[in-house]
*Asks:* 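Before anything else, here's the structure in question.
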Amino acid sequence: MTKPARVIYWFRTDLRLHDSPALKRALDLRPASLFPVWCWDPNYVYKHRVGVNRFNFLIQSMNDLSKNLTSLNPSTKLLVVRGEPTELLPELFKRWNITHLVFESDPSAYGRRRDSKVEALAKQVGVQVVKVQGHHLYDPVEVVKKNGGKPVLTMSTLQKVIRELGEIPRPLEPPENLPPPKLDPSSSSEGLEQILGELSESLEGLPHYQGKGAWIPPPELDLNSSELGGPRQKETDCYTSLSGQDRDFSVPTLESLGMDPSQANTPIQGGETQALSRLERIIKDVSYVSKFAKPKTTPGKSSEEASTTLTSPYIKFGCLSVRRFWWEVEDCKKKFKGKPNEITQTPENLNGQLLFRDMYACAEYAVGDVFGQVRGNKICRFMDWYLPNHYDDQGQKIEPRPPGDEVSESRLKAFREGRTGFPWIDCLMRQLVKEGWIHHLGRHSVAAFLTRGQCWISWERGAEIFDEYLIDWDPCSNPGNWMWLSCSAFFSQYFRLYGLSSFPSKYEGTADLVRKHCPELKKMPDKYIFEPFKAPIEVQRKAGCIVGKDYPSPMLDEKEAKEECMRRCKAAFSKGLYGDNELVLKGKAEAILRKEHGIPDPRGGGEGKGNKKGKITDWAKSNAVQPKPEQGKRSNAPGTKRSKGEEQEEGEEQEEGEEAKPSAKRSRNKK
DNA sequence: GCCGGTGTTGAAATG
DNA sequence: TCATTTCAACACCGG
């Protein structure tokens with residue numbers, strides 16, 4: 001009686017066939033034609049910082065998905081259409097005679113905005129929209145509702161709320177077959193090529209999708225352009241035609257994005273196939289799964305031999321279902337033969353990690369669009385960071401951001417490029433750029449260093465760098481973790497800090513990670529590997545690495561900077577301002593806070609206490625600009641002056657003995 | 001409103 | 001060598 005369904009299944013956060021509740025709903029409609037669509041959205045190509053490694057992972061995942069679709073039915077594949085979904089989908093509805101649009105809900109702020117627009121447009125033309133939660137263990141909408149609309153800020157709150165939501169559904173099997181994307185299901189055309197040809201033809205004449213250049217913004221508006229420090233080296237040509245250059249709806253390439261594939265240096269390979277084989281490998285190790293304790297896993301490994309599961313990129317793109325992971329872990333633990341008390345508990349265990357991801361999604365959902373920034377963000381404590389976002393009178397973010405003070409800008413640049421002079425930080429940042437991944441505790445180290453630990457630079461800037469380079473970047477977890485580490489939200493014990501040498505020293509493999517990513521330090525002995533500036537000059541010579549020449553001098557004094565940052569944390573905490581406070585919205589909070597603890601504004605303008613401007617500027621000049629040899633003399637950089645050693649010349653007698661001293665000294669720090 | 005327990009992942013001292 | 005305690009500059013939650 002009712003006419004058969006013609007369904008667009010819109011892939012976005014769910015590049016998989018297994019355990020896809022949304023895809024199941026699409027197939028439950030028993031469609032005569034199913035169009036598996038991906039919209040190659042220019043908002044992601046131009047208006048979002050995305051590096052080569054993440055695009056590479058996405059492209060691989062799309063290709064893998066397409067292959068898997070074809071293996072279910074040789075007459076189908078992923079149909080990549082180039083354009084903005086809000087403009088494109090309504091056209092597809094008409095030209096393909098669509099009855100239903102089905103997709104997995106995307107809980108991010110941009111996703112929600114885009115989807116509600118698309119939903120409204122679909123409604124106008126009588127297309128039914130079916131959206132299904134599948135990206136998280138629990139639906140953030142429901143969790144927040146159960147929590148009285150309040151953002152979920154602690155694990156215990158989340159656990160309490162979800163106890164009432166019942167069990168996580170068991171994962172679904174992948175479908176066994178799929179209807180083809182045929183324009184006319186009764187026609188006898190079966191070949192994929194023929195079907196694609198007809199589809200492509202059906203899109204002829206659409207205004208502004210054809211024609212070179214339609215989608216290419218000027219470089220100053222393209223966040224990935226090389227002009228703005230991004231990876232795009234040439235003009236894109238992925239928008240010259242709606243269905244791709246060969247009119248076959250193929251997945252775009254890095255080249256078509258104007259990016260150099262040889263820059264995709266990561267060993268992390270995308271796709272559902274990879275994800276499932278990785279999961280299988282993990283689950284085989286019952287002891288590893290059962291005894292997993294995140295804080296005990298080492299950050300000192302490259303992604304190929306990570307101490308954690310490295311499933312985050314796959315979960316982020318939906319190559320791996322989070323519910324499948326959850327249940328495989330649960331089932332695996334039942335096979336554990338050891339003592340029951342060896343099985344780790346939430347939150348440190350594997351499933352706890354997944355719950356954290358849910359927690360951040362719930363926080364993001366309740367806070368809304370401003371989750372990734374300080375201004376207007378009600379859960380985010382206001383601190384008078386350097387290099388914050390800037391806003392105009394209407395509260396619109398000013399892009400590009402006006403330059404900040406010189407010292408902070410040069411520190412941020414050194415941080416991004418991995419030449420702060422602190423090997424632990426530098427190796428992690430270089431690993432990030434190269435591999436698109438660092439261990440969670442490595443992220444903690446660099447995030448604390450940039451913000452409340454040493455540099456006092458806004459977490460917004462750090463989050464942006466991660467956004468560009470991390471393959472597993474997630475709109476909820478990333479800002480959430482930056483707020484956590486900067487003591488802006490979720491966490492507040494600012495006196496707990498990560499030492500730049502003490503922290504990595506606790507873990508296995510960290511020194512080798514430094515040597516791997518900072519080859520200048522290859523021959524530096526373990527004793528000085530995290531603090532080469534403390535090595536006596538002859539040790540440096542022997543290692544073939546003179547600090548200040550072959551490897552940068554430290555850009556600040558760890559201890560001094562830490563003490564200053566703690567004073568500022570204390571001031572900010574006592575003031576108790578949050579992002580939604582009137583003073584913050586009006587841009588007055590910073591001046592008030594600075595006045596209160598006597599920090600000149602802008603930095604360097606005057607004599608702040610403990611603000612050794614001269615030294616820092618020296619560093620900025622000598623390090624950021626030219627890697628001046630400067631042997632001996634200043635090889636121990638600002639920062640290493642020991643309280644008792646006075647300024648001895650060369651490292652000369654910076655003898656061994658001193659190694660013991662710092663700790664003795666540190667312990668004196670109480671009254 | 002007070003109190004004590006707790007909070008995924010600090011560092012140093014202690015046993 | 002390792003696990004536990006202490007220190008301690010916080011804030012939230014529940015009783």
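This is a predicted model, so every value here is computed, not measured. In the text below, chain A, chain B and the rest are named by the order of the sequence lines, each starting its count at 1.
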*Asks:* Atom NE2 of A:His444 to atom C1' of B:dG10: distance rounded to whole Å?
*Replies:* 12 Å
*Asks:* Can you tell me the distance, in whole Å, between the CD atom of A:Glu348 and the P atom of B:dG7?
*Replies:* 11 Å
*Asks:* Tell me the interatomic distance from A:Asp358, atom CG, to B:dT8, atom C1', rounded to whole angstroms.
*Replies:* 15 Å
*Asks:* In the strands shown, is C:dA9 matched to any nucleotide by a Watson-Crick or G-U wobble pair with both distances under 3.5 Å, and which?
*Replies:* none
*Asks:* Report the distance from atom CE of A:Met155 to atom C1' of B:dG7, rounded to the nearest whole Å.
*Replies:* 11 Å
*Asks:* Could you state the CH2-C1' distance from A:Trp484 to B:dG7, rounded to the nearest angstrom?
*Replies:* 7 Å
*Asks:* Examine A:Phe466 together with A:Trp482 and report whether their ring centres are nearer than 6.0 Å.
*Replies:* yes
*Asks:* Under 3.5 Å for both donor-acceptor distances, Watson-Crick or wobble: does C:dG14 have a partner, and if so which one?
*Replies:* B:dC3
*Asks:* Do the side chain of A:Gln133 and the main chain of A:His135 share a donor and acceptor less than 3.5 angstrom apart?
*Replies:* yes
*Asks:* Identify whether any heavy atom of A:Lys296 sits under 4.0 Å from a base atom; if not, whether one sits that close to sugar-phosphate; answer base, sugar-phosphate or nothing.
*Replies:* nothing
*Asks:* Check the distance between B:dT8's C1' and A:Arg357's CZ and give it to me in whole angstrom.
*Replies:* 17 Å
*Asks:* Within a strict 4.5 Å, meaning less than it, do heavy atoms of the A:Asp405 and A:Leu387 side chains meet?
*Replies:* yes
*Asks:* So which atom in A:Arg54 and which in A:Asp467 form the shortest heavy-atom distance, rounded to 0.1 Å?
*Replies:* NH1-O, 2.6 Å
*Asks:* Taking any strand in view, what nucleotide pairs with B:dT9 in a Watson-Crick or G-U wobble way, both distances under 3.5 Å?
*Replies:* none
*Asks:* About how many Å separate CG of A:Leu593 and NZ of A:Lys595, when rounded to the nearest 0.5 Å?
*Replies:* 12.0 Å
*Asks:* Report, one pair per line, the protein and nucleotides 10-15 of chain C atoms (nitrogen or oxygen only) whose separation is under 3.5 Å.
*Replies:*
{"residue": "C:dC10", "atom": "O2", "partner": "A:Ser492", "partner atom": "OG", "Å": "3.3"}
{"residue": "C:dA11", "atom": "O4'", "partner": "A:Ser492", "partner atom": "OG", "Å": "3.4"}
{"residue": "C:dG14", "atom": "OP1", "partner": "A:Lys160", "partner atom": "NZ", "Å": "2.5"}

*Asks:* Figure out the NZ/C1' separation between A:Lys506 and C:dA3, and round it to whole Å.
*Replies:* 13 Å
*Asks:* On a whole-Å scale, what distance lies between the P atoms belonging to B:dT8 and C:dA8?
*Replies:* 23 Å
*Asks:* Measuring centre to centre across the rings, with the benzene-like ring taken for any Trp, is A:Tyr314 within less than 6.0 Å of A:Phe57?
*Replies:* yes
*Asks:* Measure the distance from CG on A:Asn349 to P on B:dT9 and round it to the nearest whole Å.
*Replies:* 14 Å
*Asks:* Counting side-chain heavy atoms from C-beta on, which of C:dA9, B:dG10, B:dT8 comes nearest to A:Arg496?
*Replies:* B:dG10
*Asks:* On the 0 to 90° scale, with breaks at 30° and 60°, tag the A:Phe490-A:Trp484 ring pair as parallel, tilted or perpendicular.
*Replies:* parallel
*Asks:* Applying a 4.0 Å non-hydrogen cut-off, can you work out what A:Phe356 is touching in the nucleic acid: base, sugar-phosphate, or nothing?
*Replies:* base
*Asks:* Counting Watson-Crick and G-U wobble pairs only, both distances under 3.5 Å, name the nucleotide matched with C:dC2, or none.
*Replies:* B:dG15
